[in-house]
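Along the sequence shown, residues are numbered consecutively beginning with 1.
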Amino acid sequence: RTTGEIIKGNLRVCAYARVSTEKEEQLNSYNSQLKYYEEKIKSNSDWLYDGIYADEGITGTLDYKRDGFMKMMQDATQNKFDMIITKSISRFGRNTVDTLKYVRALKEKGIAVYSENEVTEVLKLINGGK
């Protein structure tokens, strides 16, 4: 797929979630994210639920320690899904360089990334900050 292409049909969609601490409020957020993404994907008739990759209590600075993320990237190389949903693209890495490295690798495989926070920010800009 190329940038700007409209994706139609049944997409194999997965999600990625990560919380960086094991504090109780973060764990509640983590569990809420898992439930939210499963329901969001399953409720869209154009999407096929392809699971959730997740890391709990793991910092974003050491990618090799993020088993869920690394499994997701490995599965991406095998074209196991068409799109990833995540709360924020920043979940992919602690810094811009690492984040861009992973997004580019996904793009090369034709995998779309839907980042809810960034979409919200773009919509605010389009709607004059509302």
Side-chain angles (χ1 to χ4, degrees):
R1 297 192 175 109
T2 59
T3 303
E5 182 178 343
I6 296 173
I7 303 171
K8 293 182 179 179
N10 288 329
L11 292 177
R12 298 166 299 158
V13 179
C14 67
Y16 178 69
R18 176 176 64 83
V19 294
S20 55
T21 69
E22 292 181 353
K23 293 181 181 174
E24 186 172 343
E25 64 271 9
Q26 286 287 316
L27 295 179
N28 288 337
S29 170
Y30 175 80
N31 290 328
S32 295
Q33 285 180 57
L34 299 181
K35 182 178 178 188
Y36 168 77
Y37 284 123
E38 182 175 354
E39 290 174 359
K40 181 175 183 74
I41 295 168
K42 287 182 175 181
S43 70
N44 188 318
S45 61
D46 291 328
W47 294 352
L48 302 172
Y49 178 73
D50 204 36
I52 298 174
Y53 299 87
D55 291 303
E56 180 180 5
I58 303 291
T59 180
T61 56
L62 302 171
D63 54 6
Y64 67 89
K65 288 189 174 184
R66 294 184 292 145
D67 294 337
F69 184 79
M70 297 312 290
K71 174 70 172 146
M72 180 184 75
M73 293 304 296
Q74 179 183 8
D75 287 353
T77 66
Q78 298 173 14
N79 291 312
K80 290 191 175 183
F81 45 80
D82 302 305
M83 184 167 72
I84 301 166
I85 298 176
T86 189
K87 180 178 178 181
S88 173
I89 200 82
S90 67
R91 301 285 85 193
F92 284 17
R94 180 58 80 191
N95 60 58
T96 304
V97 173
D98 287 344
T99 300
L100 287 174
K101 173 178 76 173
Y102 291 117
V103 170
R104 285 181 178 141
L106 292 166
K107 180 183 176 195
E108 287 176 11
K109 296 304 282 180
I111 297 170
V113 177
Y114 180 89
S115 172
E116 294 185 309
N117 283 359
E118 283 74 15
V119 169
T120 300
E121 292 304 312
V122 169
L123 291 175
K124 283 182 186 177
L125 289 172
I126 291 170
N127 293 319
K130 298 176 186 175

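L100 and M73 sit in two unconnected hydrophobic clusters of ILVMFWY residues. Membership requires side-chain heavy atoms under 4.5 Å apart, directly or through other members. One hydrophobic cluster, built from ILVMFWY side chains closer than 4.5 Å, cannot hold both I41 and L48; they sit in different ones.
Scanning for side chain to side chain donor-acceptor pair (under 3.5 Å) contacts around K35 gives an empty result, with sequence neighbours left out. Contacts of S88 classified as side chain to side chain donor-acceptor pair (under 3.5 Å), with partners at least two apart in sequence or in another chain: S90, E118. E108 meets the side chain to side chain contact (heavy atoms under 4.5 Å, CB included) test with no other residue; sequence neighbours excluded. The ring pair (Phe, Tyr, Trp, His ring centres under 6.0 Å) test applied to Y53 returns F81, not counting sequence neighbours. Applying the side chain to side chain contact (heavy atoms under 4.5 Å, CB included) test to N44 and every residue at least two apart in sequence or in another chain returns D46, W47. By the salt bridge (Lys or Arg N to Asp or Glu O under 4.0 Å) test, E39 is found to be paired with no residue, residues two or more places apart in sequence or in another chain being considered. Applying the salt bridge (Lys or Arg N to Asp or Glu O under 4.0 Å) rule to K40 yields the partners E116; only residues at least two apart in sequence or on another chain are considered. Take L34 and apply the side chain to side chain contact (heavy atoms under 4.5 Å, CB included) test, not counting sequence neighbours, and it matches A17, Y30, N31, I52, A54.
Side-chain contact check for F69 versus R18: every heavy-atom pair is 4.5 Å or farther apart. Considering only heavy atoms from C-beta on, V113 comes within 4.5 Å of F92 through its side chain. Counting only heavy atoms from C-beta outward, the side chains of L106 and K109 never approach each other to under 4.5 Å.
The CD1 atom of I111 lies 11.5 Å from the CG atom of L11; values are rounded to the nearest 0.5 Å. Distance check: D82 CG to R12 CZ gives 4.0 Å after rounding to the nearest 0.5 Å. For the atom pair D55 CG and M70 CE, the distance stands at 10.0 Å (nearest 0.5 Å). In this structure, the separation between CD1 on I84 and CD1 on I89 is 8.5 Å, given to the nearest 0.5 Å.
Contact check on D75 versus K71 returns a salt bridge, with a Lys/Arg side-chain nitrogen under 4.0 Å from an Asp/Glu carboxylate oxygen.
In this structure, the side chain of Y16 does not engage the main chain of G68 through any donor-acceptor pair within 3.5 Å.
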